[in-house]
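Notes follow once the structure below has been shown.
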Amino acid sequence: CVDDFVTSDRSFLTSLDKHRCAHNTRERLLLVQRENSLDMTLFLDQAVLDHLARYDPVLALHDGNLAEFWLVLEGVSHFLYLIWNAGYKKQVTRFELELQAEVDKFAMAGSMLSSQRRHFKSRSLHRQLFDVISFDQSLNKSEISRYQDANRYAAKFCRHLEMDYRFDEWQGDMLTELRRFYRYTQPDKIRHIETSMLSLS
């Protein structure tokens, strides 16, 4: 259970993470890999958690809580993806983590919104997640490039989901497609995305 690994103690975060942005970050997955173990902690800012407790996205996901929902979901996605792959002794790149998190954010938000709204438009969600974006300018060039690439590939895959499946029936074929994608290696993910886009053109 991810709850067992979550902390909102910022002093604990800064004691472990000496990065210059640690004092301002709202979500960070910290890990230490040893020969036969992986120690992990997910930091989530208490103000973010308080906001989601006040405006519960399970009851109503909207512009007033969507950013916080996606922030927490990204951290949880990173945590679960690392744990799942570690269980199979598979290596994971930072690009993979970001790519999977973007897909998870689109899939989860789409599923929730389709159940909460009678006339949910996935195109609007896709645009909000993948087009109306900006990147932290404190990141270095390689970090920004990684986020941009992850965003671009996730946008392509999620366009495929949007075109081929319905969110109100996502427990069927869409869930099968998401599970298949989750299990792919990074090269297989990229090949699958490119193949999916060819089928749409």
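Atom CG of Leu80 sits about 8.5 Å away from atom CG of Asp104, to the nearest 0.5 Å. Rounding to the nearest 0.5 Å places CG of Leu29 at 6.0 Å from CG of Leu82. For the atom pair Leu49 CG and Arg26 CZ, the distance stands at 10.5 Å (nearest 0.5 Å). The CG atom of Leu129 sits 11.0 Å away from the OG atom of Ser124 when rounded to the nearest 0.5 Å. In this structure, Leu99 CG and Asp149 CG are separated by 10.0 Å, a value rounded to the nearest 0.5 Å. Note that the CZ atom of Arg117 and the CG atom of Leu125 stand 9.0 Å from one another [nearest 0.5 Å].
Centroid-to-centroid, the aromatic rings of Phe106 and Phe157 stay 6.0 Å apart or farther.
Side-chain N or O atoms of Thr25 include none that pairs as donor or acceptor with a backbone N or O of Arg28 at under 3.5 Å. The main-chain N or O of Tyr81 is found under 3.5 Å from a side-chain atom of Asn85 such that the two form a donor-acceptor pair. The closest donor-acceptor contact from the side chain of Ser145 to the backbone of Lys141 lies at 3.5 Å or more, if one exists at all. Asp56 places no side-chain N or O within 3.5 Å of a backbone atom of Leu61 that could act as its donor or acceptor partner. In this structure, the side chain of Ser114 engages the main chain of Ser111 through a donor-acceptor pair within 3.5 Å.
Using a cutoff of 4.0 Å between basic side-chain nitrogens and carboxylate oxygens, Arg191 and Glu194 are not scored as salt-bridged. One finds a salt bridge joining Glu74 and Lys105 here, because a Lys/Arg side-chain nitrogen approaches an Asp/Glu carboxylate oxygen to under 4.0 Å.
Within the 4.5 Å cutoff, no side-chain heavy atoms of Met174 are placed close to those of Glu162. Residues Asn65 and Leu52 meet the side-chain proximity criterion, which asks for heavy atoms closer than 4.5 Å. Looking only at side-chain heavy atoms (C-beta outward), Lys156 and His160 stay at 4.5 Å or farther from each other. Tyr153 places none of its side-chain heavy atoms less than 4.5 Å from the side chain of Glu102. Counting only heavy atoms from C-beta outward, the side chains of Ser37 and Arg34 approach each other to under 4.5 Å. Two residues are said to be in side-chain contact when any heavy atoms from C-beta on lie closer than 4.5 Å; Thr195 and His192 fail this criterion. For the pair Tyr182 and Leu178, the minimum side-chain heavy-atom distance is 4.5 Å or more. Between Phe95 and Ile190 the shortest side-chain heavy-atom distance falls below 4.5 Å.
Gln100 and His78 share no side-chain donor-acceptor pair at under 3.5 Å. Asp188 and Thr185 share a side-chain donor-acceptor pair at under 3.5 Å. Judged purely by distance below 3.5 Å, without hydrogens or angles, the side chains of Asp9 and Thr7 never pair a donor atom with an acceptor atom.
Surrounding CZ of Arg94 are at most 12 heavy atoms belonging to other residues, nucleotides or ligands under 6.0 Å away.
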If you look only at distance, which donor and acceptor atoms sit under 3.5 Å apart when one is on a side chain in residues 40-47 and the other is two or more places apart or in another chain?
from  : atom 1 : to    : atom 2 : distance (Å)
Asp45 : OD1    : Arg10 : NH2    : 2.6
Asp45 : OD2    : Ala47 : N      : 3.0
Gln46 : OE1    : Ser8  : OG     : 3.3
Gln46 : NE2    : Asp50 : OD1    : 2.8

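Under the 4.5 Å side-chain heavy-atom criterion for grouping Ile, Leu, Val, Met, Phe, Trp and Tyr, Val2 is connected to Val48 within one hydrophobic cluster.
The aromatic rings of Phe181 and Tyr184 lie perpendicular to each other, with more than 60° between the two planes, well past the 30° mark.
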Is there a salt bridge (charged side-chain N to carboxylate O under 4.0 Å, His left out) between Arg146 and Glu98 once you walk through the steps? CA-CA 8 Å; Arg146 182 173 67 245; Glu98 299 305 332; 5.3 Å; no
